[in-house]
Number of protein chains: 2
Amino acid sequence: MDPARPRSRRARGQAGARRPVYDAASLLAVAVAEFNTRGYDATSMEDLSRAAGITKSSFYHHVSGKEDLLRAALERALDGLFAILQERHARSGRPVDRLRYIVRRQVEVLQAELPYVTLLLRVRGNTATERWALERRRSFDATIAELVREAAAAGQVRADVDSAVAARLLSGTVNSIVEWYRPGRPGAGELPEDVVRTVFEGVLPRG
Amino acid sequence: MDPARPRSRRARGQAGARRPVYDAASLLAVAVAEFNTRGYDATSMEDLSRAAGITKSSFYHHVSGKEDLLRAALERALDGLFAILQERHARSGRPVDRLRYIVRRQVEVLQAELPYVTLLLRVRGNTATERWALERRRSFDATIAELVREAAAAGQVRADVDSAVAARLLSGTVNSIVEWYRPGRPGAGELPEDVVRTVFEGVLPRG
DNA sequence: GTCTATAATCAGATAGAC
DNA sequence: GTCTATCTGATTATAGAC
């Protein structure tokens with residue numbers, strides 16, 4: 001009927017294809033979405049392959065196993081977060097200004113890499129991969145905590161709350177966003193600035 | 001050798017017994033600790049019985065199953081949280097004062113019922129029990145969100161951050177405490193007030 | 001690249017002896 | 001109350017046909 005039919009094979013690679021041609025990256029996205037819905041441990045390879053629309057065996061043709069999917073996802077999240085610390089405004093200036101910048105950027109990365117960061121924040125430490133990710137996370141948090149300490153020593157943040165506690169509350173507030181933020185909602189662009197305002201100035205009206 | 005030997009059976013019920021005489025409540029505490037360490041789905045009944053020092057079969061003699069353990073734990077956490085909303089200072093006064101009171105009490109309940117609240121905050125919704133808990137949690141959060149809205153309408157909290165966003169950040173900050181707080185550390189008594197100060201006034205210095 | 005079939009292991013749960 | 005032994009089903013992963 002249609003002489004151009006053989007081309008449809010290539011066309012599947014474009015958007016709008018009935019069943020996408022998968023590569024490692026797109027299957028990772030599918031897997032991470034499932035991990036976040038059910039939890040990593042509760043998600044079987046069967047669940048993943050069904051979500052991709054292929055059989056378990058076909059799925060294994062593309063990926064090497066469940067834990068490698070996890071590692072790739074966690075790596076992407078961690079790389080995004082650590083890249084912030086290398087940016088110019090995160091490395092120079094008053095501690096409190098660097099802190100403000102990092103918090104804003106952290107919210108932005110969280111929005112941009114939501115599924116990957118979400119997965120990262122739910123890791124428990126059951127496997128070597130998870131413990132590796134937890135350690136890198138702890139290292140990131142320690143950098144923030146040190147910055148809060150410096151800002152407190154310079155009188156740039158309040159002294160009546162222990163700086164270690166303040167740092168944990170700050171990180172906790174930012175991280176909690178993954179529990180409810182969904183992209184595409186109105187007001188998403190204002191979120192980083194809203195978080196900075198709320199964290200630094202509190203919820204009470206200006207005084 | 002010792003004519004009083006039979007008594008040792010009763011003595012095991014006291015503190016310092018080598019292997020405690022278990023009842024449903026003490027096994028629940030053991031189970032919740034394991035759930036929080038490894039995650040609910042990654043924890044097997046074998047893990048639980050080993051943690052209790054008995055076999056899987058003996059463990060089943062005391063409890064009816066894994067999901068019932070989960071339900072009992074989640075119920076305890078939820079009951080603790082909802083009880084706050086019935087207290088006098090949570091029900092009368094200016095919205096912002098009620099809010100402040102609830103936040104302080106929420107931190108206190110979180111400290112007192114740490115393992116149970118921790119488990120509650122990690123539930124994903126895979127089973128009917130988990131979905132039931134998630135719905136009760138959402139109902140609790142909705143009460144807080146409504147209170148923030150009222151406080152905003154009365155000009156008692158800042159208007160330049162959306163009240164729904166502010167409410168989520170507030171709840172997120174409080175809930176994030178389970179990720180790092182451990183009882184018995186110095187400064188634990190000051191935590192509720194530190195959280196109230198940080199959330200309401202921010203991390204910047206006064207004035 | 002996708003499939004069916006299956007291996008090997010581990011999970012939650014129970015039976016029945018002591 | 002605790003044990004050993006076992007059932008049943010799900011899980012990760014692989015073999016080999018098309």
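Naming convention: chains lettered A, B, ... in sequence-line order (proteins, then strands); numbering from 1 in each chain.
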Will you find, in the side chains of B/Ser58 and B/Thr55, an N or O donor that is under 3.5 Å from an N or O acceptor? yes
Whole angstroms only, please: what is the OH-P distance between A/Tyr40 and D/dT11? 14 Å
Given C/dT2, D/dT12, D/dT2, identify the nucleotide with an atom nearest to the side chain of B/Ile54. D/dT2
Between CG of A/Asp23 and P of C/dT2 the distance, given in whole Å, is 12 Å
Here the pair of heavy atoms bringing A/Leu27 nearest to A/Ala52 is CD2-CB, 3.8 Å
Separation of D/dT4 atom P from B/Glu46 atom CD, nearest Å, is 11 Å
Give me the atom names and distance for the closest heavy-atom approach of B/Ser163 to B/Ala152. CB-CB, 4.2 Å
Can you list every pair that meets side-chain hydrogen bond (donor to acceptor under 3.5 Å, both in side chains) and has a residue in residues 81-91 of chain A, with sequence neighbours left out? A/Gln86-A/Arg91, A/Glu87-A/Tyr101, A/Glu87-A/Arg105
Considering just the side-chain nitrogens and oxygens of B/Thr55, establish if one lies under 4.0 Å of OP1 or OP2 belonging to D/dC3. yes
Interatomic distance where NE2 belongs to B/His61 and P belongs to D/dT4 [whole Å]: 16 Å
Just how far, in rounded Å, is P of D/dC3 from NE2 of B/His62? 10 Å
Quick one: is B/Ser58 getting a side-chain N or O under 4.0 Å of the D/dG1 phosphate, OP1 or OP2? no
Euclidean distance, atom CG of residue A/Asp47 to atom P of D/dT12 [Å, nearest integer]: 8 Å
Table of protein N/O atoms under 3.5 Å from nucleotides 14-18 of chain D N/O atoms:
| unit_1 | atom_1 | unit_2 | atom_2 | d |
| --- | --- | --- | --- | --- |
| D/dT14 | O4 | A/Ser57 | OG | 2.9 |
| D/dA15 | N6 | A/Ser57 | OG | 3.2 |

Across all chains, not counting sequence neighbours, the side-chain contact (heavy atoms from CB on, under 4.5 Å) partners of A/Tyr60 are A/Met45, A/Lys56
Taken to the nearest whole Å, CE/A/Met45 to P/C/dT9 is 18 Å
Minimum heavy-atom separation for A/Asn175 and A/Leu110, please, with both atom names. CA-CD1, 4.4 Å
Heavy atoms only, 4.0 Å cut-off, all strands: where does A/Thr43 land among base, sugar-phosphate and nothing? sugar-phosphate
Spacing of B/Leu69 atom CG relative to C/dA11 atom C1', expressed in whole Å: 15 Å
How about B/Asp47 and B/Thr43: does a side-chain donor come under 3.5 Å of a side-chain acceptor? no
